Amino acid sequence: MTEPFGARLRRAMDERGPLCVGIDPHASLLTEWGLNDDVAGLERFSRTVVEALSDRVAVFKPQSAFFERFGSRGVAVLEKTVHEARAAGALVLMDAKRGDIGSTMAAYAEAFLRKDSPLFSDALTVSPYLGYGSLSPAIVLARESGAGLFVLALTSNPEGGEVQHAVRADGRNVGATMLAHLAAENTGEEPLGSFGAVVGATLGDLSSYDLDINGPLLAPGVGAQGATPADLPGVFGAAIRNVVPNVSRGLLRHGPDVGALRASADRFADEIRSALPTG
């Protein structure tokens, strides 16, 4: 049987620390690196990040949009990036934020979660805002493949509040509802469930939410968006051990120098380690 994503992630976090590094080849970032905004620049950027950091981070999170913008050639680079990162021992979380219904959601799931797919990833970000039940094809395939999902719950962008903070008839808001669904998915899973939530590190005190979903909490917003590792305990409270802090531009801006990328990753990892409770 395939070992579930949650178990593999827990081990990677315990051995390497919880740092997740985004692979986000913005056009402006390629330019900062002295690369052309083309497929060759995309490939050079992605290969450099993987080669520099694959031995020291728990998770890579490629943002599929920055590859898709180059069409089929960009997707080919994404396929290669995923393969090389996983072959080097890192977990890959595909940041594609897919969300649809029925056979279309099933097709999205097959693209990223079917084991023989060229884009097979350890986990996938998904959007539940066609209703949590619309994610069922992805949940089923993730379980079969030993993969995971990260469901948008309380995101760091200010526009998200108009949906995520909307109050349902039962008095619970939409974000809290998504967390409750995930807690149910992860019931009884050890050492960690495979179905996580995306919860922004920039959101401040979230003590009014039950973040104890027995699954990972992907925390974007560390670095360029303004959150720091020291902020994490105040945001996530007792759930801090299951937090996967994501850093992208704040780290990637130190490239293309491999030594500088490694030094930056090590600094973030040390700061995160210092912020975590001992024992």
Side-chain angles (χ1 to χ4, degrees), residues 5-6 8-10 12-13 16-26 29 45-46 49-50 52-54 56-67 78 81-82 85-86 90-97 112 121-127 148-157 160 182 192 194-204 206 211 213 215-236 239-255 261-262 264-276:
F5 169 71
R8 291 184 287 122
L9 177 62
R10 176 79 275 158
M13 292 168 69
R16 297 184 173 201
L19 182 63
C20 171
V21 173
I23 304 179
D24 294 2
H26 298 257
L29 197 52
F45 177 93
S46 303
V49 174
V50 171
L53 304 178
S54 60
R56 64 194 62 213
V57 302
V59 183
F60 282 119
K61 184 175 71 66
Q63 170 48 259
S64 64
F66 292 115
F67 295 83
L78 181 58
T81 300
V82 170
R86 298 189 74 238
L91 299 177
V92 172
L93 164 58
M94 181 63 68
D95 194 358
K97 299 183 180 71
F112 299 105
S121 303
D122 297 283
L124 172 69
T125 58
V126 290
S127 173
L149 298 177
F150 283 86
V151 177
L152 303 179
L154 297 166
T155 58
S156 56
N157 64 306
L182 292 167
L192 186 67
S194 297
F195 299 94
V198 180
V199 178
T202 57
L203 295 178
L206 293 177
L211 299 177
I213 63 170
L217 302 167
L218 180 68
V222 176
Q225 293 186 46
T228 70
D231 296 326
L232 297 174
V235 177
F236 294 96
I240 185 66
R241 185 168 179 266
N242 294 334
V243 171
V244 184
N246 176 70
V247 181
S248 297
R249 283 171 292 170
L251 190 157
L252 298 175
R253 64 184 177 84
H254 294 284
L261 286 170
R262 289 174 175 166
S264 180
D266 290 345
R267 281 194 301 272
F268 274 110
D270 288 343
E271 290 175 15
I272 291 167
R273 193 176 297 110
S274 296
L276 295 177

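Just so you know, these numbers come straight off a predicted model, no measurement behind them. Numbers for residues simply follow the sequence, beginning at 1.
- Side-chain contact check for I23 versus F67: some heavy-atom pair is nearer than 4.5 Å.
- Salt bridge status for R273 with D270: present, with a side-chain N to carboxylate O gap under 4.0 Å.
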### Task
Run the numbers on F195 and I213 for side-chain contact (heavy atoms from CB on, under 4.5 Å), then give the verdict.
CA-CA 9 Å; F195 299 94; I213 63 170; over 6 Å; no

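- When every heavy atom of P233 is checked against every heavy atom of A275, the shortest pair comes out as CG-O, 3.2 Å.
- With D231 contributing its side chain and T228 its backbone, the two residues share a donor-acceptor pair below 3.5 Å.
- Remark: Q63 CD to K97 NZ distance equals 5.0 Å, nearest 0.5 Å.
- Rounding to the nearest 0.5 Å gives a distance of 12.0 Å between CZ of R8 and CG of L192.
- Residues V198 and P220 are in side-chain contact: their nearest non-hydrogen atoms beyond the backbone lie under 4.5 Å apart.
- By the 4.5 Å heavy-atom criterion applied to side chains, L19 and R56 are not counted as neighbours.
- A heavy-atom distance below 4.5 Å is found between the side chains of V222 and L232.
- Taking both residues in full, the closest heavy atoms of G196 and L182 are given as O-CD1, 3.4 Å, listed atom of the first, atom of the second, then distance.
- Taken to the nearest 0.5 Å, the CG atom of D266 stands 11.0 Å off from the CG atom of L261.
- Expressed to the nearest 0.5 Å, how far CG of L217 lies from CG of L206 amounts to 10.0 Å.
- Smallest separation of non-hydrogen atoms from P18 and P245: O-CD, 3.5 Å.
- For the pair R262 and H254, the minimum side-chain heavy-atom distance is 4.5 Å or more.
- Formation of a donor-acceptor pair under 3.5 Å by the D122 side chain with backbone atoms of L93 is not found in this model.
- For the pair F60/V49, a side-chain contact is recorded, criterion being any heavy-atom separation below 4.5 Å from C-beta on.
- Classified by interplanar angle (parallel below 30°, tilted 30° to 60°, perpendicular above 60°), the ring pair F150/F5 is perpendicular.
- Residues A90 and S54 come closest through the heavy atom pair CB-O, 4.2 Å.
- Residues F236 and A201 come closest through the heavy atom pair CE1-CA, 4.3 Å.
- By the 4.5 Å heavy-atom criterion applied to side chains, T125 and M94 are not counted as neighbours.
- Proximity of a side-chain donor or acceptor of R16 to a complementary backbone N or O of A58 within less than 3.5 Å is not detected.
- Between L9 and V244 the shortest side-chain heavy-atom distance falls below 4.5 Å.
- Pairing each heavy atom of L251 with each of A265, the nearest pair is CD1-CA, 3.5 Å.
- Of the inter-residue distances, the one linking S64 atom OG with D24 atom CG reads 10.0 Å to the nearest 0.5 angstrom.
- Summarising the geometry, atom CZ belonging to F45 is positioned 4.5 Å from atom CG belonging to L29; distances are rounded to the nearest 0.5 Å.
- Checking P62, S121, S46 one by one against L78, the side chain to side chain contact (heavy atoms under 4.5 Å, CB included) holds for a single residue, P62.
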